Amino acid sequence: MEIKRTHLAAEITPKIEGSEVVLLGWLHEKRDLGGLRFLLLRDRSGLVQVVANKKTAQPDLWEALSSIKRESVLALGGVVKSSPQAPRGVEVRVKWVKPLISSEDPPIDIVGKTQADLDTRLDYRIIDLRRSEPQAIFKLQNTITSAIRSFLYDNGFIEVFTPKIISTATEGGASLFSVFYYDRLAYLSQSPQLYKEALTSAFERVFEIGPAFRAEESDTLRHLSEITMVDVEGAFMDYNDVMGLLDGLIKKIIMNVNQNNADELKALGRDKFTINFPLPRITYDQVTSILDEKGISYEKEGDLGTVELKALSEELKGFYFITDWPTKARPFYAMPIKGKEDRCESFDLMYGWIELASGATRINDESILRTRMTSQGLNPDAFKTHLKWFKYGMPPHAGFGLGLARLLMAVSGKDNIREVVMFPRDKRRLEP
RNA sequence: GCCACGGUGGUGUAGCCCGGUCUAGCAUGGGGGCCUGUCACGCCCUUGACCCGAGUUCAAAUCCCGGCCGUGGCGCCA
């Protein structure tokens, strides 16, 4: 590009008064007072006010300032001037403007005078993402993913990438999307579970931040057909170690968000987080006695439904663990507790009534694994590829899968997962 | 998938119950005009809409049926 930017909008401060600057960005808003024209220019750093005076401006500049449409991309040059009336006490007195490309009138309001419905915003998502609130949400997401990576690197984990096109159901059970794979039928992976477990025998500690696909009927505020999972698995760890790891991980995330995202939290109307660690842990059996006390009915030895979890969250706010779930309510690879085999070394990380993560100590003995598959109604023959790794020194291991968007809901305070996923996929929505 | 509710200009809404007064109101946006310190700038003019299909009726945005789409709740969700 022949025009070089000298400053970002946020770098225009009263301190550099008098400097000649070149800015690149989008025309966010304009106000025409007759003899004065104000523009708000937006770039990745934020907004800055640009002003022109009819008396001093060249006629073609003056004309250009009123004819450029909102959301057009432009370059402009001018002089920084501090001014008590200007936003942030500073503005740019424009000397020239060069429209780079023009924009049609934006279909939804970016400035915030009329709030479009979420469904409409998603139809125009790229435009919606220029608004301050979605910007704040995805900047929080960036803090979260970078905190996750640095925390796990520091703890000896390496990042891996497992295939998303697979030949058979990874675990039976939930519905998979099928795809044409040359002359065969294949499926989209619903979880890297089996790969990450096997990888502990090669790298000990692995993690993956990647997509998972679920062809479920789910039509709720917290389910999507395509999600990003943070999957972590470590050799020579049990579920207590993994919960400790999650404690550290959440702590690091919260610290970084508090440190780096004050503006974003403000934009979302959120306070800084004050959370005590370690996070509370409560067993499944303690949960059911609370439900008994509250007179809430639940399926004995079963998973907890929405009504049950909402009732529980009246007692337990924020982040907490539910541990020691019934073995029959968990997947086949969860390790039963020795001497108490109807409970397993498993946990869910909760935020209020929303499940964020789910983890367990895994079974690393092939024969026990086969027995568990059979008792869960699965055919071990269908898992031949997976079971073969267990013949060659599969270490004791444990891990968890964390829903990135669910965590982001908790951090951003949004109650619809579609708000915190850039391009959500649900039962109906396949675009944009 | 089930239940409830909804679908009005680009966006957000009023009107619907109680059919005619709707030639569909308001805000925001778009176009035009006036305006020298705006920051939701102000003022004036203007533009633009009843989801689709079938039905009841002299008459349907309004009532009935179906479809599609949406919102919320639940279920499903290793």
Side-chain angles (χ1 to χ4, degrees), chain A residues 28-40 47-57 62 66-67 69-71 81 83-91 93 103-124 127-128 131 169-176 189-194 197 212-225 227 229 299 303-310 325 327-334 344 346 348 355 358-360 362 372-373 376-378 383 401 403 406 415-418 426-429:
Chain A
H28 187 68
E29 210 180 347
K30 51 182 178 178
R31 283 184 208 99
D32 186 340
L33 270 64
L36 282 177
R37 283 178 179 158
F38 296 99
L39 305 186
L40 284 176
L47 297 170
V48 66
Q49 175 165 288
V50 174
V51 65
N53 189 320
K54 190 176 187 177
K55 275 186 186 164
T56 55
W62 185 249
S66 76
S67 63
K69 283 181 164 291
R70 287 184 183 202
E71 294 309 309
K81 177 76 185 159
S83 158
Q85 302 109 305
R88 295 179 15 236
V90 70
E91 64 193 4
R93 304 226 160 142
S103 171
E104 292 185 15
D105 296 316
I108 55 171
D109 174 21
I110 294 172
V111 173
K113 289 181 184 172
T114 52
Q115 178 79 27
D117 292 337
L118 177 59
D119 191 56
T120 309
R121 288 168 42 210
L122 290 176
D123 285 342
Y124 299 106
I127 318 300
D128 180 56
R131 300 169 53 242
T170 44
E171 302 172 33
S175 315
L176 295 153
S189 169
Q190 58 184 190
S191 159
Q193 181 66 31
L194 304 184
E197 281 195 53
F213 305 91
R214 296 176 181 190
E216 293 297 334
E217 288 297 311
S218 306
D219 189 6
T220 75
L221 299 184
R222 61 193 184 285
H223 289 89
L224 291 175
S225 308
I227 57 178
M229 294 287 297
E299 184 200 341
D303 203 357
L304 299 170
T306 309
V307 175
E308 293 95 293
L309 290 171
K310 282 184 175 171
W325 288 74
T327 305
K328 59 175 285 198
R330 303 296 277 203
F332 65 83
Y333 47 74
C344 60
S346 60
D348 277 0
E355 177 195 330
S358 178
R362 326 295 192 182
R372 287 284 302 128
M373 284 177 177
Q376 297 280 62
L378 298 169
F383 294 90
R406 296 245 180 120
D415 55 12
N416 191 333
I417 195 166
R418 280 155 261 256
D426 61 30
K427 224 177 133 187
R428 293 197 190 86
R429 184 175 284 278

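Numbers restart at 1 for each chain; the letters A, B, ... are given by sequence-line order, proteins then strands. Since the structure is predicted, the reported quantities are computational estimates derived from the model, not experimental observations.
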Any side-chain N or O of [X] below 4.0 angstrom from OP1/OP2 of [N]?
| X | N | answer |
| --- | --- | --- |
| A/R31 | B/G37 | no |
| A/K69 | B/G30 | no |
| A/K30 | B/U38 | no |
| A/S218 | B/G75 | no |

Practice task
Tell me which of A/E91 and A/D105 sits closer to the 5' end of RNA chain B, going by the nucleotide each one is nearest to.
Solution key: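 It is A/D105, whose closest nucleotide lies nearer the 5' terminus.
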
Options [options], nucleotide nearest the side-chain atoms of [X]:
| X | options | answer |
| --- | --- | --- |
| A/K310 | B/G1, B/G73, B/C39 | B/G73 |
| A/E216 | B/G37, B/A78, B/C76 | B/C76 |
| A/T114 | B/U28, B/G29, B/A78 | B/U28 |
| A/T220 | B/U71, B/A78, B/G75 | B/G75 |

Practice task
Look at all strands and tell whether A/R37 reaches a base, only sugar-phosphate, or nothing, counting heavy atoms closer than 4.0 Å.
Solution key: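 No contact at all - A/R37 keeps every heavy atom at 4.0 Å or more from the nucleic acid.
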
Handout entry: Length of the CD-C1' vector between A/Q49 and B/U36, whole Å
Key =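 Roughly 13 Å, once rounded to whole Å.
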
Problem - C1' atoms of B/C51 and B/G42, separation to the nearest Å - result: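 The same atom, C1', in both gives a distance of 38 Å.
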
Problem - Minimal non-hydrogen separation, A/Q190 against A/S175, with atom names - result: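 It is NE2-O, 4.0 Å.
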
